[in-house]
Amino acid sequence: MRLSDRLERIAAKAAEVTEGYVADVGTDHGFVPIRLIESGKVKHVVAMDVRKGPLERACEHVGEYHMEDQIETRLSDGLKELKPGEADTVIIAGMGGELMLRILRDGAHVRNSVKHYILSPQSELSVFRHGLEELGFSIVEEEMLLDEGKYYVILHVSPGTMHYEHEYEYRYGADLIRKQDPVLKEFLERELAQGEELLAHLGRSGTDGARKRAESLINELEETKEAYHALQGID
């Protein structure tokens with residue numbers, strides 16, 4: 001069984017922090033739960049999905065690895081069918097930030113028993129980090145990676161309080177900036193180069209729409225530059 005680098009790291013982080021009981025939301029093929037049991041650090045996984053088709057495939061894969069006693073598949077919309085005390089760690093990955101916030105909001109009934117959340121939103125990262133703050137979560141650690149040409153962020157989150165001083169920290173991740181993460185540095189350099197190129201193109205266009213987009217882009221680039229300077233330790 002081969003997992004993508006992103007899923008391998010998600011499984012590794014969950015296995016690292018859990019006390020042995022994990023819930024995987026949107027389990028799809030069920031390979032992450034299988035990897036968790038293979039780690040030897042996880043005793044039981046509740047593999048959940050809102051769709052019957054993927055859940056049936058997950059059941060098949062679990063059976064192929066003879067892990068039926070350790071991995072339970074369950075039809076569930078987000079965390080709704082997870083009972084308090086069944087998991088100390090929750091994985092949610094491969095979804096948009098807004099959807100993941102809705103799942104966390106609807107999963108308030110397990111808040112007292114879940115100590116760790118391993119989250120990997122695919123979009124709306126600034127909105128997502130703000131949303132975590134509003135819901136009463138704190139980002140413990142972030143990791144960024146490039147996997148098959150796409151950039152991903154993996155967050156280790158726990159119930160708690162957080163607040164960032166600068167907006168660029170919500171957009172790009174305060175922990176990644178503080179650690180001078182090399183993948184984030186590469187990403188910011190690409191964002192700046194592409195932004196400047198687009199700005200030059202908009203300047204040649206001359207339309208009202210192009211001028212408005214250019215004004216917005218200038219503000220976005222300033223925020224990106226602030227993050228880049230902060231990552232390099234430049235005031």
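Since this is a predicted model, take the numbers as computed values, not measurements.
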Can you tell me if Tyr152 uses its side chain to pair, donor with acceptor, with the backbone of Ser120 under 3.5 Å? no
side-chain contact (heavy atoms from CB on, under 4.5 Å) between Leu7 and Phe31: does it pass, once the steps are laid out? CA-CA 9 Å; Leu7 292 180; Phe31 288 156; over 6 Å; no
Between the main-chain N or O of Leu79 and the side-chain N or O of His109, is there a donor-acceptor pair closer than 3.5 Å? yes
Work out which heavy atom in Pro33 is nearest to a heavy atom in Ala47; give both atom names and the distance. CG-CB, 3.9 Å
Pairwise distance OH(Tyr170) to CD(Glu165) - rounded to 0.5 angstrom: 10.0 Å
With sequence neighbours left out, the residues meeting side-chain contact (heavy atoms from CB on, under 4.5 Å) with Ala58 are Thr27, Thr73
Between Asp77 and Arg102, does any side-chain N to carboxylate O distance fall below 4.0 Å? yes
Looking at Ser158 and Val140, what are the two nearest heavy atoms and their distance? OG-CG2, 3.8 Å
Salt bridge present between Arg35 and Glu38 (N-O < 4.0 angstrom): yes
Within a radius of less than 6.0 Å around NE2 of His201, do more than 12 heavy atoms belonging to other residues, nucleotides or ligands occur? no
When you measure from the side chain of Arg129 to the backbone of Arg171, do you find a donor-acceptor pair of N or O atoms at a distance under 3.5 Å? yes
Under 3.5 Å, side chain of Glu124 to main-chain N/O of Gly97, donor-acceptor pair present? yes
Which atom of Tyr168 lies closest to which atom of Ala230, heavy atoms considered: OH-CB, 3.5 Å
Quick one: are Tyr117 and His156 in side-chain contact, heavy atoms under 4.5 Å? no
Salt-bridged, Arg51 to Asp49, with N to O below 4.0 Å? yes
Are any of the side-chain heavy atoms of Lys115 and Val17 separated by less than 4.5 Å? no
Criterion side chain to side chain contact (heavy atoms under 4.5 Å, CB included) against Leu119, the qualifying member of Ile10, Ile139, Leu132, Val25: Leu132
His61 (side chain) donor-acceptor with His29 (main chain) under 3.5 angstrom: yes
So, Arg178 and Glu142, do they make that salt bridge, N to O below 4.0 Å? no
Are Leu99 and Phe137 connected in a single hydrophobic cluster, I mean Ile/Leu/Val/Met/Phe/Trp/Tyr linked by side-chain heavy atoms less than 4.5 Å apart? yes
Which residues pass the ring pair (Phe, Tyr, Trp, His ring centres under 6.0 Å) test with Phe187, not counting sequence neighbours? Tyr151
Calculate, to the nearest 0.5 Å, the distance between atoms CG and CZ belonging to Leu104 and Arg111 respectively. 7.5 Å
Looking at Leu231, is its backbone amide N or carbonyl O close enough to the side chain of Gln180 to form a donor-acceptor pair, meaning the two atoms are under 3.5 Å apart? yes
Euclidean distance, Ile103 CD1 relative to Leu82 CG, rounded to 0.5 Å: 12.0 Å
Residues that Glu72 engages under salt bridge (charged side-chain N to carboxylate O under 4.0 Å, His left out), provided they are two or more places apart: Arg74
Rounded distance (nearest 0.5 Å) linking atom CD1 of Ile118 with atom OG1 of Thr18: 9.0 Å
Decide, yes or no, whether a salt bridge links Glu143 with Arg6 under the criterion of side-chain N to carboxylate O below 4.0 Å. no
Mark yes or no for whether Glu86, through its side chain, and Lys83, through its backbone, hold a donor-acceptor pair below 3.5 Å. yes
Qualifying residues under side-chain hydrogen bond (donor to acceptor under 3.5 Å, both in side chains), relative to Ser126, sequence neighbours excluded: Glu167
Show which residues join Leu55 in its hydrophobic cluster (side-chain heavy-atom contacts under 4.5 Å, direct or indirect), or state none. Leu75
Hey, any chance Leu145 and Val32 share a hydrophobic cluster, counting ILVMFWY side chains that come within less than 4.5 Å of each other, even indirectly? yes
Is there a side-chain contact between Val110 and Val90 (heavy atoms, below 4.5 Å)? no
Do any N or O atoms from the side chain of Asp88 and from the backbone of Tyr21 form a donor-acceptor pair under 3.5 angstrom? yes
Salt bridge Arg190-Glu186, side-chain N to carboxylate O under 4.0 Å: no
Evaluate the criterion salt bridge (Lys or Arg N to Asp or Glu O under 4.0 Å) for residue pair Arg105 and Glu134; output intermediate values, then yes/no. CA-CA 10 Å; Arg105 192 177 299 113; Glu134 292 167 6; over 6 Å; no
Could you pull out all residues at least two apart from Lys13 that satisfy salt bridge (charged side-chain N to carboxylate O under 4.0 Å, His left out)? Glu16, Glu141
One should read off an interatomic distance between Met144 CE and Lys179 NZ, to the nearest 0.5 angstrom, of 12.0 Å
Using the rule that Ile, Leu, Val, Met, Phe, Trp and Tyr join whenever any side-chain heavy atoms are under 4.5 Å apart, tell me whether Ile91 and Val50 fall into a single cluster. no
